[in-house]
**Student:** 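Got a structure for you, questions after.
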Amino acid sequence: MNETRRAVIAALADGPVSGPELAGSLEISRAAVWKHIEGLREADFEIESGPTGYELVAVDAYNAPAVEFELEAPFSIEYHDSVGNTNDRARELAGEGETDVAVLANEQTGGRGRLDREWTAPAGGVWVSVVTRPAITPAQAPLYTLAASVATATAAREAGVDARIKWPNDVVVPAGDDGDYRKLAGILTEMEGQTDRVDWLVPGIGVNANLDADALPEGATSVRAEAGDVDRRRFVQRLLEGFDRYRRDLEAVVPAWRELALTIGQRVRVDRPAGEIVGEAIDVTESGALVVETDDERVTIPAGDCEHLRPV
């Protein structure tokens, strides 16, 4: 969305404004004002014309201009009705030198999770990948995954879902008192960098939002199933605002993650390249690694595939 159109929306947000007032304040012609107003209407902004001028009545759309409107985070939005994979597109943008771009799609036709697992991503979900260029080392990159999971879980909780986090990258809803859960969202973070610095980093976030649970894979749930449909525009805004807040304050990430963690205190099995670890998950380090107490030792696991086990 160009800067003039952003300025038109900002003016409308403050209340009714006439065409001549808009033209004068923005230093454009009245014909240009009309063109921008019509463009916003085509983007599903409900704008009425009355005796006091143009008035923004509602924003019900789910597209780039709508998500950027009132977004309190410095991201531009690239929206697709359908795309193969938002992470793939975000990586393309990162390769072109872009930053602070959120690639948002109504549906993905080639969604994928960790270890190239298939991820069902139909229309109605929230599928977004964020291009960032943080001044961090590769060792700090897992904090961005934790930040994305905290932001996602917080947005879901604001929508009425009892969202928790399973280490390292799943947002889940508890199903009983024994560590069982239903998966609500997943995060896949990809990056490129040098030994001592990150060139770019892309957290990809997939949320089962306004989807029927019976259309999802076994063990999954949705915002719709847990709390009813959500305003996806506002949900994405809250998610991006939360992620932006935590990426600016990495020291706050792990304490916030601990508060939402379902994994801490659970008996777990973690698959990792060096071999399987079974024990009790007791903490997460300041770099996001999982600390597991086995029968013989305490192990710190920086990365792996975690499964909750039933208590012995």
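The residues of the chain are indexed from 1 along the displayed sequence.
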**Student:** Using a 3.5 Å distance criterion without hydrogens, assess whether the side chain of Trp167 forms a donor-acceptor pair with backbone atoms of Ile264.
**Tutor:**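 Looks like no, no N/O pair under 3.5 Å.
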**Student:** State, with a plain yes or no, whether a side-chain heavy atom of Arg164 is found less than 4.5 Å away from one of Arg157.
**Tutor:**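 Contact flag for Arg164/Arg157 side chains = yes.
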**Student:** Report yes if the side chains of Val268 and Ile277 come closer than 4.5 Å at any heavy-atom pair, otherwise no.
**Tutor:**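 Contact flag for Val268/Ile277 side chains = no.
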**Student:** Return each pair, listed once, that meets side chain to side chain donor-acceptor pair (under 3.5 Å) where at least one residue sits in residues 215-226; pairs must be two or more places apart or across chains.
**Tutor:**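 Applying side chain to side chain donor-acceptor pair (under 3.5 Å) to every pair that reaches into residues 215-226, excluding sequence neighbours, yields Arg182-Glu226, Asp212-Arg224, Thr221-Glu226, Arg224-Asp229.
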**Student:** Write down the atom of Gln108, the atom of Gly84, and the distance for their closest heavy-atom approach.
**Tutor:**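 Result for this residue pair: CB-O, 3.7 Å.
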**Student:** Indicate the atoms forming the closest heavy-atom contact of Ala289 with Thr300, along with that distance.
**Tutor:**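 Heavy-atom minimum between the residues: CB-CG2, 3.6 Å.
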**Student:** Would you be so kind as to tabulate the donor-acceptor pairs closer than 3.5 Å made by side chains of residues 51-64, with sequence neighbours excluded?
**Tutor:**
residue: Asn63; atom: OD1; partner: Ala66; partner atom: N; Å: 2.9
residue: Asn63; atom: ND2; partner: Ala43; partner atom: O; Å: 2.8

**Student:** Would Asp180 and Arg310 pass as an ion pair if we require N to O under 4.0 Å?
**Tutor:**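 So Asp180 pairs with Arg310 through a salt bridge.
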**Student:** Could you give the distance from SG (Cys306) to CG (Asp170), rounded to the nearest 0.5 Å?
**Tutor:**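 These two atoms lie 9.0 Å from each other.
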**Student:** Could you tell me whether the side chain of Thr263 reaches within less than 4.5 Å of the side chain of Leu290, counting heavy atoms only?
**Tutor:**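 Touching, per the 4.5 Å side-chain cut-off.
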**Student:** Is Arg232 reaching over with its side chain to a backbone N or O of Gly125, donor-acceptor style, under 3.5 angstrom?
**Tutor:**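 Looks like yes, one N/O pair under 3.5 Å.
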**Student:** Using a 4.5 Å cut-off on heavy atoms from C-beta on, say whether the side chain of Arg272 contacts that of Val299.
**Tutor:**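 Counting from C-beta outward, Val299 and Arg272 do come under 4.5 Å.
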**Student:** Apply side chain to side chain donor-acceptor pair (under 3.5 Å) to Thr132 and list each qualifying residue two or more places apart in sequence or on a separate chain.
**Tutor:**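 Applying side chain to side chain donor-acceptor pair (under 3.5 Å) to Thr132 gives none.
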**Student:** If you measure only the distance, is there a donor-acceptor pair under 3.5 Å linking the side chains of His80 and Glu78?
**Tutor:**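 His80 vs Glu78: donor-acceptor pair found between side chains.
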**Student:** Taking C-beta and beyond as the side chain, do His308 and Lys166 meet within less than 4.5 Å on heavy atoms?
**Tutor:**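 Yes, at least one pair of side-chain atoms sits under 4.5 Å.
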**Student:** Hey, is Glu72 close enough to Arg238 for a salt bridge, meaning N to O under 4.0 Å?
**Tutor:**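 Arg238 and Glu72: not salt-bridged.
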**Student:** Hey, what else clusters with Leu309 if you join Ile, Leu, Val, Met, Phe, Trp, Tyr whenever side-chain heavy atoms sit under 4.5 Å?
**Tutor:**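 Via sub-4.5 Å side-chain contacts, Leu309 links to Val278.
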**Student:** Less than 4.0 Å between a side-chain N and a carboxylate O, is that true for Asp244 and Arg248?
**Tutor:**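 Between Asp244 and Arg248 there is a salt bridge, with a charged N closer than 4.0 Å to a carboxylate O.
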**Student:** Counting only heavy atoms not in Glu297, do more than 12 sit closer than 6.0 Å to its CD atom?
**Tutor:**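 Counting neighbours around CD of Glu297, more than 12 heavy atoms of other residues, nucleotides or ligands fall under 6.0 Å, so yes.
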**Student:** So, taking the atom named CZ in Phe69 and the one named CG in Leu12, what distance separates them when rounded to the nearest 0.5 Å?
**Tutor:**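 Here the interatomic distance stands at 8.0 Å.
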**Student:** Under 4.5 Å between any side-chain heavy atoms of Asn87 and Leu188, yes or no?
**Tutor:**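 Result yes, sub-4.5 Å side-chain heavy-atom pair found.
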**Student:** Considering non-hydrogen atoms only, spot the tightest contact between Arg41 and Ser49 and give its length.
**Tutor:**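 Minimum heavy-atom separation between Arg41 and Ser49: NH2-OG, 2.9 Å.
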**Student:** Between Arg89 and Glu92, does any side-chain N to carboxylate O distance fall below 4.0 Å?
**Tutor:**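 Counted as a salt bridge, because a side-chain N and a carboxylate O are separated by less than 4.0 Å.
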**Student:** Would you please name every residue forming a side-chain contact (heavy atoms from CB on, under 4.5 Å) with Pro255, sequence neighbours left out?
**Tutor:**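 Counting only residues at least two positions away or on another chain, Pro255 forms no side-chain contact (heavy atoms from CB on, under 4.5 Å).
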**Student:** Among residues two or more places apart or on two chains, list those pairs meeting side chain to side chain donor-acceptor pair (under 3.5 Å) that have a residue in residues 278-291.
**Tutor:**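 As it turns out, the side chain to side chain donor-acceptor pair (under 3.5 Å) pairs with a partner in residues 278-291, which skip direct neighbours, are Arg258-Asp283, Arg258-Glu286, Thr285-Ser287.
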**Student:** By the ring-ring contact (aromatic ring centres under 6.0 Å, His included) test, which pairs, at least two apart or in different chains, include something from residues 187-232?
**Tutor:**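 The answer is none; no pair qualifies.
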**Student:** Can you check whether Leu22's main-chain N or O pairs, donor with acceptor, with Ser25's side chain at less than 3.5 Å?
**Tutor:**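 Such a contact is found between Ser25 side chain and Leu22 backbone.
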**Student:** Which residues pass the side-chain contact (heavy atoms from CB on, under 4.5 Å) test with Arg30, not counting sequence neighbours?
**Tutor:**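 Per chain and number, Arg30 pairs via side-chain contact (heavy atoms from CB on, under 4.5 Å) with Pro20, Ala23.
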**Student:** What's the separation between atom CD in Glu98 and atom CG in Asp100, rounded to the nearest 0.5 Å?
**Tutor:**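 Interatomic distance, Glu98 CD to Asp100 CG, rounded to 0.5 Å: 10.0 Å.
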**Student:** State, to 0.1 Å, how close Asp162 and Pro174 come at their nearest heavy-atom pair, and which atoms those are.
**Tutor:**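 So the minimum-distance heavy-atom pair works out to O-CD, 3.2 Å.
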**Student:** Does any part of the side chain of Val101, heavy atoms only, come nearer than 4.5 Å to the side chain of Val130, both counted from C-beta?
**Tutor:**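 Not touching, per the 4.5 Å side-chain cut-off.
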**Student:** Which pair of heavy atoms, one from Tyr246 and one from Ala252, lies closest together, and at what distance?
**Tutor:**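 Closest approach of Tyr246 to Ala252: CE2-O, 3.8 Å.
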**Student:** Output all residues satisfying side-chain contact (heavy atoms from CB on, under 4.5 Å) with Arg197, sequence neighbours left out; order by chain, then residue number.
**Tutor:**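 Result, side-chain contact (heavy atoms from CB on, under 4.5 Å) vs Arg197: Gln194, Asp199.
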**Student:** Considering residues at least two apart in sequence or located in another chain, which fulfil the side-chain contact (heavy atoms from CB on, under 4.5 Å) criterion with Ala10?
**Tutor:**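 Result, side-chain contact (heavy atoms from CB on, under 4.5 Å) vs Ala10: none returned.
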**Student:** So, using side chain to side chain donor-acceptor pair (under 3.5 Å) as the criterion, who are the partners of Thr152 when residues are at least two apart?
**Tutor:**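 With sequence neighbours excluded, Thr152 shows a side chain to side chain donor-acceptor pair (under 3.5 Å) to no residue whatsoever.
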**Student:** Kindly write out the residues that satisfy side chain to side chain donor-acceptor pair (under 3.5 Å) with Ser18, not counting sequence neighbours, or none if the list is empty.
**Tutor:**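 So Ser18 forms a side chain to side chain donor-acceptor pair (under 3.5 Å) with Glu21.
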**Student:** For the residue pair Ala163 and Leu260, what are the closest heavy atoms and their distance?
**Tutor:**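 Nearest heavy atoms, Ala163 then Leu260: O-CD2, 4.3 Å.
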